[in-house]
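Here the structure is laid out as structure tokens; the discussion comes afterwards.
Just so you know, these numbers come straight off a predicted model, no measurement behind them. We count residues from 1, following the sequence as given.
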Amino acid sequence: MKFSRTFVLACAALTVFTVGSFSSRSSLRAHAQETTPRTVSGAVLDAGDQPVVGATVFLRNTKTKSIRSFTSVEKGHYYFAQVNKVDDFELWAEKDGKKSTVKTVSSWDTRTQFVSDLKLK
């Protein structure tokens with residue numbers, strides 16, 4: 001079977017256009033996932049797994065060094081909204097000289113809801 005040169009060029013152009021469009025859509029989708037903010041939440045607990053109200057929870061951007069804080073409320077709950085998914089964060093709680101271990105909220109983690117309890121020691 002023999003194809004005309006015009007037909008072959010048209011097929012080649014269509015292939016380039018289709019692959020280019022798919023690539024653009026994929027990168028747009030990936031960009032949207034990166035810029036969609038996440039939430040970081042959980043509860044602050046004491047050594048006996050009881051909720052701690054009034055603990056200060058810190059969320060530190062490892063790149064900019066900026067720190068956000070939240071005072072734990074009923075049942076020890078804390079909540080951060082609009083957390084950028086393209087940066088890494090450190091998360092910990094403190095109260096009355098006790099501190100939890102520092103946890104990492106990684107930019108590699110694609111979840112839009114990061115939930116982690118923090119235990120004071």
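- Rounded to the nearest 0.5 Å, atoms OH (Y79) and CZ (F70) are 9.5 Å apart.
- No option in T71, T56, V40 other than V40 meets the side-chain contact (heavy atoms from CB on, under 4.5 Å) test with Y78.
- For the atom pair T104 OG1 and D88 CG, the distance stands at 7.5 Å (nearest 0.5 Å).
- Side-chain atoms of R68 do not come within 3.5 Å of backbone N or O of N61 as any donor-acceptor pair.
- Contact of the V83 side chain with the P37 side chain is not registered, since no non-hydrogen atoms from C-beta on lie closer than 4.5 Å.
- Between D109 and F114 there is a side-chain heavy-atom pair separated by less than 4.5 Å.
- A donor-acceptor pair is defined here as one N or O able to donate and one able to accept, closer than 3.5 Å; such a pair exists between the side chain of S106 and the backbone of W108.
- Checked by atom type, the side-chain pair D87/S107 shows no donor-acceptor distance below 3.5 Å.
- Between K65 and T62, the shortest heavy-atom distance links the atoms NZ-O, 2.7 Å.
- For the pair F58 and I67, the tightest heavy-atom approach, listed with the atom from each and the gap, is CD2-CG2, 3.8 Å.
- The two residues G76 and P51 have their closest heavy-atom pair at N-CB, 3.7 Å.
- S72 places a side-chain N or O within donor-acceptor distance of the main-chain N or O of G54, the cut-off being under 3.5 Å.
- To the nearest 0.5 Å, the span separating OG1 on T112 from NZ on K85 amounts to 6.0 Å.
- Among all heavy-atom pairs drawn from V52 and A55, the shortest one is CG1-CB, 4.0 Å.
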Worked check of side-chain contact (heavy atoms from CB on, under 4.5 Å) between V105 and R38: CA-CA 10 Å; V105 182; R38 79 171 80 217; 4.0 Å; yes
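- A donor-acceptor pair is defined here as one N or O able to donate and one able to accept, closer than 3.5 Å; no such pair exists between the side chain of D117 and the backbone of G42.
- Salt bridge absent: D96 and K98 never bring a charged side-chain N and a carboxylate O closer than 4.0 Å.
- If you check the side chains of S66 and T64, you find a donor sitting under 3.5 Å from an acceptor.
- You'll find the side chain of L118 stays beyond 4.5 Å of the side chain of L45, heavy atoms only.
- Figure legend: K99 and W92 shown as a cation-pi pair, the cationic atom lying under 6.0 angstrom from the six-membered ring centre and within 45 degrees of its axis.
- A 4.5 Å side-chain heavy-atom check between L91 and R60 finds every atom pair outside the cut-off.
- Using a 4.5 Å heavy-atom threshold, the side chains of E90 and L59 count as separate.
- If you check the side chains of S100 and K119, you find no donor sitting under 3.5 Å from an acceptor.
- With hydrogens and angles ignored, the 3.5 Å screen pairs a side-chain donor or acceptor of K95 with a backbone N or O of V53.
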